[in-house]
Amino acid sequence: VKTTATCPKCGSHELIRIPGSTRAFGTGNNIPAGMTIFSSVKVARFLCSHCGYSEEWVESPADIEKLRKKYGGSEGAG
Ligand SMILES: [Zn+2]
């Protein structure tokens with residue numbers, strides 16, 4: 001988890017954290033990782049208040065694991 005985020009563009013530490021949400025399918029900031037909205041993972045967005053650069057991070061290790069199973073999974077045998 002990135003606690004001291006730094007803008008990769010300008011090096012500013014003035015990043016605004018915008019939490020992800022799964023309010024309804026297709027809205028909010030999330031990635032589908034299953035059949036229902038309940039299995040979507042939340043994606044937090046960090047916006048640099050200095051230059052306007054934005055970056056998205058999946059913050060939960062469990063959510064990253066869900067995405068790895070759905071979209072990745074080249075490692076190991078299923
Ligand atoms: Zn910046």
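Quantities reported herein were computed from a predicted structural model and do not represent experimental measurements. FYI, side chains are in, hydrogens and waters are out, and symmetry mates aren't considered; it's all heavy atoms of this structure. Start at 1 with the first residue, then count along the sequence.
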Spacing of [atom1] belonging to [X] relative to [atom2] belonging to [Y], to within rounding of 0.5 Å:
X   : Y   : atom1 : atom2 : result
I16 : F46 : CD1   : CZ    : 11.5 Å
E59 : I64 : CD    : CD1   : 9.0 Å
E65 : S60 : CD    : OG    : 10.5 Å

*Which residues satisfy the salt bridge (Lys or Arg N to Asp or Glu O under 4.0 Å) test with E14, sequence neighbours excluded?*
none

How close do [X] and [Y] get, counting heavy atoms only, and between which atoms?
X   : Y   : value
C7  : C10 : SG-N, 3.5 Å
K42 : G20 : CD-O, 3.9 Å
G52 : L47 : O-CD1, 3.3 Å

*Can you list the residues that meet the side-chain contact (heavy atoms from CB on, under 4.5 Å) rule with H13, with sequence neighbours excluded?*
T6

*asked:* Do E55 and P8 make a side-chain contact, defined as non-hydrogen atoms from C-beta onward lying under 4.5 Å apart?
replied: yes

